[in-house]
There are 2 protein chains.
Amino acid sequence: MTSKRRSSATHRESSVTLQDIAAHAGVSRSTVSLVLRGSSLVAEPTRLKVQASIKALGYVYNRGAAALRGRRTSTLGVVVYDIANPFFGAMVAGIDNALSREGYVSFLANSEDSPRRQERFLERMREHAVDGILLCPAEGTDPTLIDTLNAWGMPCIQILRHIGETPFDYAGPDFHLGVCQAVDHLVGLGHERIAFLGGHAEHSATRERWEGYCDSLARHGLDYKRLLRATVTRRDGFALIQQLMSEPTPPTAVVCHNDMVAFGAMFGLKRLGLTPGTDCAVIGIDDVEEAELVDPALTSVATHPYAIGEEAARLALRRIHDPKGAPEQVVLSPRLQVRGSCGARLQPRTASAQAASGQMP
Amino acid sequence: MTSKRRSSATHRESSVTLQDIAAHAGVSRSTVSLVLRGSSLVAEPTRLKVQASIKALGYVYNRGAAALRGRRTSTLGVVVYDIANPFFGAMVAGIDNALSREGYVSFLANSEDSPRRQERFLERMREHAVDGILLCPAEGTDPTLIDTLNAWGMPCIQILRHIGETPFDYAGPDFHLGVCQAVDHLVGLGHERIAFLGGHAEHSATRERWEGYCDSLARHGLDYKRLLRATVTRRDGFALIQQLMSEPTPPTAVVCHNDMVAFGAMFGLKRLGLTPGTDCAVIGIDDVEEAELVDPALTSVATHPYAIGEEAARLALRRIHDPKGAPEQVVLSPRLQVRGSCGARLQPRTASAQAASGQMP
DNA sequence: TGCTGTTTTTGGATTGGTCTAAATCTAGAG
DNA sequence: CTCTAGATTTAGACCAATCCAAAAACAGCA
């Protein structure tokens with residue numbers, strides 16, 4: 001049983017407008033508008049009078065109406081391809097934190113790595129006139145998408161992956177460096193046969209990892225090179241490692257495309273009766289929370305999703321305030337989190353904290 | 001180097017309006033509006049003519065303007081308290097899927113369990129005139145918040161937790177039944193000293209679990225009863241289990257508030273030199289993806305976050321179309337996912353799939 | 001052809017703010 | 001006491017759609 005509303009609420013919506021405030025405070029609509037926007041034009045006594053009226057009448061600012069005449073909506077669109085992945089959860093938390101500080105609010109969409117879904121959402125965002133887009137491009141996104149967004153006059157910050165040629169705004173981890181750190185560490189432990197597991201069809205985030213892998217091997221003068229492509233699920237890791245270990249000269253260590261693949265690989269090793277870290281070192285990428293839960297705990301390249309989210313949000317706000325400034329790429333250095341799965345505990349030789357060159361193609 | 005735009009795009013925004021379409025097609029603004037909304041009033045030849053003009057001029061529908069005059073914005077607000085938790089990721093994916101099918105789009109906010117942040121966001125949502133709110137209330141939310149939202153005339157669907165007295169719309173798992181399933185299973189395995197680990201300060205989701213725990217014990221006539229309160233982190237599970245196992249008569253099994261606490265508990269057991277599943281059975285709640293990754297794999301009560309998200313979205317749309325219909329509560333039955341951590345493998349006695357009564361206070 | 005009853009189409013008001021340029025109001029200088 | 005620069009305030013157009021009631025077009029029928 002819904003109880004009756006008290007006070008003046010007019011049945012449906014309160015809908016107190018600037019006009020009402022103006023009448024109540026004995027000033028004009030324009031003055032009230034100025035007060036609402038914190039303009040320094042209005043005199044102190046007037047401001048107080050108006051603010052009192054605003055409070056008294058229970059006024060609610062109508063951003064939709066404001067956006068119609070003004071230019072900004074104070075909204076952003078965020079597209080990720082797998083929100084169920086805790087990595088994106090952390091990233092979205094970072095975005096949310098940075099944006100809400102500035103009074104912005106964001107639409108979220110989960111593209112499920114479908115360019116079609118992604119495009120539908122972007123079109124909807126255009127209709128809602130968001131001030132900008134934070135985009136983790138779906139696998140298979142048309143490389144001209146960024147040009148389309150530019151043609152729309154829609155600021156766009158790419159995250160994690162990047163497409164297109166034009167100079168763009170971007171925030172993401174330095175995958176190249178991350179893989180180098182992993183390989184360097186393994187080499188420091190004495191490994192000479194290091195494989196790389198997984199990686200979607202080509203996109204920047206995959207390419208950077210593969211290049212990191214190849215460059216590292218070359219730098220250390222290692223001959224052994226096995227790069228097994230696949231999608232990026234745990235299932236893949238499980239299958240690939242078993243395939244790999246049955247080869248004539250199996251690797252003594254594997255670096256995995258991400259932690260999910262790494263978990264799968266550890267599972268696969270156990271299935272073969274092998275012990276991760278002892279019979280074959282395993283290193284993941286992302287350092288998700290669960291990395292330290294598994295047994296042995298997973299050594300992983302931490303890519304700091306929360307910080308990436310914050311940076312991306314910062315870039316977006318910057319771009320909105322300066323639409324034609326120079327594009328900026330923020331590439332965060334990852335950090336190797338050493339745990340049991342790479343056998344560091346077993347071979348007490350200290351891991352080298354070697355620096356490698358990062359790059360942004 | 002940004003290339004010059006072709007065609008008529010006026011420097012900043014294209015901003016083709018209904019007026020332009022109307023002129024181009026030789027009809028009135030009103031007619032174009034009707035075509036856009038798929039009205040059956042307009043004759044077929046006219047419709048085609050207008051649609052051609054729309055395409056020709058590259059018109060973009062302005063939802064902000066439409067919302068100003070019309071009533072709907074086709075937007076919703078979603079508030080969760082920990083988006084980094086994969087449970088919420090899956091839930092948001094479910095919401096997103098159900099909403100995007102209907103052309104709705106949603107603002108997401110992460111309250112971090114702070115009522116202050118939550119309130120700020122809700123006020124912003126009101127200013128943006130969303131059609132409704134999907135709310136997982138933050139810990140410590142003022143119970144009158146729902147009344148406030150009602151007074152605003154803002155439809156609100158509560159998820160996972162619920163506050164307030166008024167009949168409300170709600171979607172969530174049947175925690176009471178879930179805990180009963182867990183306890184029943186343990187009793188079936190021969191356990192008689194079963195503890196419950198964790199749970200925030202009081203809110204519905206905690207209360208339902210505790211009641212489930214107490215009711216189960218009573219139903220099975222068990223004397224042993226240990227309910228350790230704490231927040232819901234892995235750290236808590238780690239600490240609590242060690243405290244518990246050092247008591248004179250430690251439990252032989254623990255049911256945990258959620259999987260995070262359960263992971264912590266398993267860690268704690270290992271720290272004590274004990275084996276989860278053998279020395280003490282552990283059952284979690286949620287059945288997050290990682291449950292089967294840990295060692296031993298975690299037995300857990302699956303609560304189906306994706307389905308809950310879909311249901312909540314469905315409820316929201318229903319409420320928007322019928323603002324004063326009877327409130328509806330959707331309580332999904334959980335399912336016990338048996339794995340190694342409860343020792344089922346060790347004691348081959350079959351688990352009973354006993355039904356218990358669910359309830360919605 | 002005139003009349004009536006549907007279909008279609010349309011003008012103009014409306015939504016709730018912001019913007020611009022002009023009006024009004026100070027206070028200090030001459 | 002008048003004038004003017006600077007500080008406040010305001011009127012009215014404007015943003016891009018929807019809504020309503022009334023006009024126009026069209027058909028069927030006498």
Side-chain angles (χ1 to χ4, degrees), chain A residues 10 12-51 53-54 57-75 124 126-131 153, chain B residues 10 12-51 53-54 57-75 103 124 126-131:
Chain A
T10 49
R12 265 249 176 281
E13 290 277 328
S14 50
S15 101
V16 175
T17 75
L18 280 199
Q19 194 63 268
D20 302 320
I21 306 292
H24 186 271
V27 297
S28 74
R29 213 163 70 260
S30 306
T31 303
V32 179
S33 177
L34 290 173
V35 170
L36 281 171
R37 286 175 288 160
S39 164
S40 61
L41 285 177
V42 28
E44 198 54 25
T46 313
R47 175 193 314 286
L48 293 174
K49 210 168 40 178
V50 170
Q51 278 169 340
S53 296
I54 288 175
L57 300 189
Y59 169 75
V60 178
Y61 186 64
N62 182 331
R63 281 175 194 276
L68 186 54
R69 188 60 166 84
R71 198 138 284 295
R72 304 264 129 80
T73 56
S74 298
T75 59
R124 220 165 270 160
R126 181 146 92 126
E127 295 179 352
H128 281 288
V130 294
D131 294 341
Chain B
T10 49
R12 265 249 175 283
E13 289 278 328
S14 51
S15 97
V16 175
T17 75
L18 280 199
Q19 194 63 268
D20 302 318
I21 305 291
H24 187 271
V27 298
S28 76
R29 216 165 61 261
S30 304
T31 303
V32 180
S33 177
L34 290 173
V35 170
L36 281 170
R37 285 176 289 159
S39 164
S40 61
L41 285 178
V42 30
E44 199 54 24
T46 313
R47 175 193 315 287
L48 294 174
K49 212 168 38 175
V50 170
Q51 278 168 341
S53 296
I54 288 174
L57 300 189
Y59 169 75
V60 178
Y61 187 63
N62 183 330
R63 281 176 194 275
L68 184 56
R69 190 61 168 86
R71 198 139 283 294
R72 302 265 131 78
T73 56
S74 298
T75 60
R124 221 165 270 159
R126 180 145 92 125
E127 295 180 352
H128 280 289
V130 293
D131 294 340

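Letters go in sequence order (proteins before strands), and every chain restarts at 1.
- Contact between the side-chain N/O atoms of A/Arg37 and the OP1/OP2 oxygens of C/dG17 is not found at any separation under 4.0 Å.
- Scanning for side chain to side chain donor-acceptor pair (under 3.5 Å) contacts around B/Arg124 gives an empty result, with sequence neighbours left out.
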*How does protein reach along nucleotides 5-12 of chain C, written 5' to 3' as B (base within reach of a heavy atom under 4.0 Å), S (only sugar-phosphate), or - (no contact)?*
---SSBBB
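- Rounded to a whole Å, the CZ atom of A/Arg71 is 13 Å from the C1' atom of D/dC14.
- For A/Gln19 and C/dT14, the CD to C1' distance is 13 Å, given to the nearest whole Å.
- Between the side chain of B/Thr73 and the backbone N or O of B/Ala129 there is at least one donor-acceptor pair closer than 3.5 Å.
- Rounded to an integer number of Å, the gap from CG of A/Leu48 to P of D/dT8 is 13 Å.
- Comparing the helix axis at one end of the helix from C/dT1-D/dA30 to C/dG30-D/dC1 with that at the other, each defined from 5 consecutive pairs, gives an inter-axis angle of 60° (nearest 10°).
- Every side chain to side chain donor-acceptor pair (under 3.5 Å) that A/Ser33 has, sequence neighbours left out, goes to A/Arg37.
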Please table the atom pairs, donor to acceptor, closer than 3.5 Å between any side-chain atom in residues 22-31 of chain B and protein atoms at least two apart or in another chain.
unit_1	atom_1	unit_2	atom_2	d
B/His24	ND1	B/Ser53	OG	2.7
B/Ser28	OG	B/Ser30	N	3.4
B/Ser28	OG	B/Thr31	N	3.3
B/Ser28	OG	B/Thr31	OG1	3.1

_side-chain contact (heavy atoms from CB on, under 4.5 Å) between B/Leu36 and B/Ile21, intermediate numbers included_ = CA-CA 11 Å; B/Leu36 281 170; B/Ile21 305 291; over 6 Å; no
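- Residues A/Val32 and A/Tyr59 are not in side-chain contact: their nearest non-hydrogen atoms beyond the backbone lie 4.5 Å or more apart.
- In this structure, the ring pair (Phe, Tyr, Trp, His ring centres under 6.0 Å) partners of A/His128, at least two apart in sequence or on a different chain, are A/Phe107.
- Under the 4.5 Å side-chain criterion, counting only non-hydrogen atoms from C-beta, B/Asn62 is in contact with A/Leu68.
- In this structure, CZ of A/Arg72 is placed 14 Å from P of C/dT18, rounded to the nearest angstrom.
- Protein atom NE2 of A/His128 is 14 Å distant from nucleotide atom C1' of D/dA17, rounded to whole Å.
- Between the CZ atom of A/Arg63 and the P atom of C/dT18 there is a distance of 10 Å, rounded to whole Å.
- For A/Arg47 (side chain) and A/Leu34 (main-chain N/O), no donor-acceptor pair under 3.5 Å exists by modelled atom type.
- As rounded to whole Å, 12 Å separates atom P of D/dA16 from atom CG of B/Leu68.
- Following rounding to the nearest Å, B/Ile54 (CD1) and D/dA17 (P) show an atom-to-atom distance of 10 Å.
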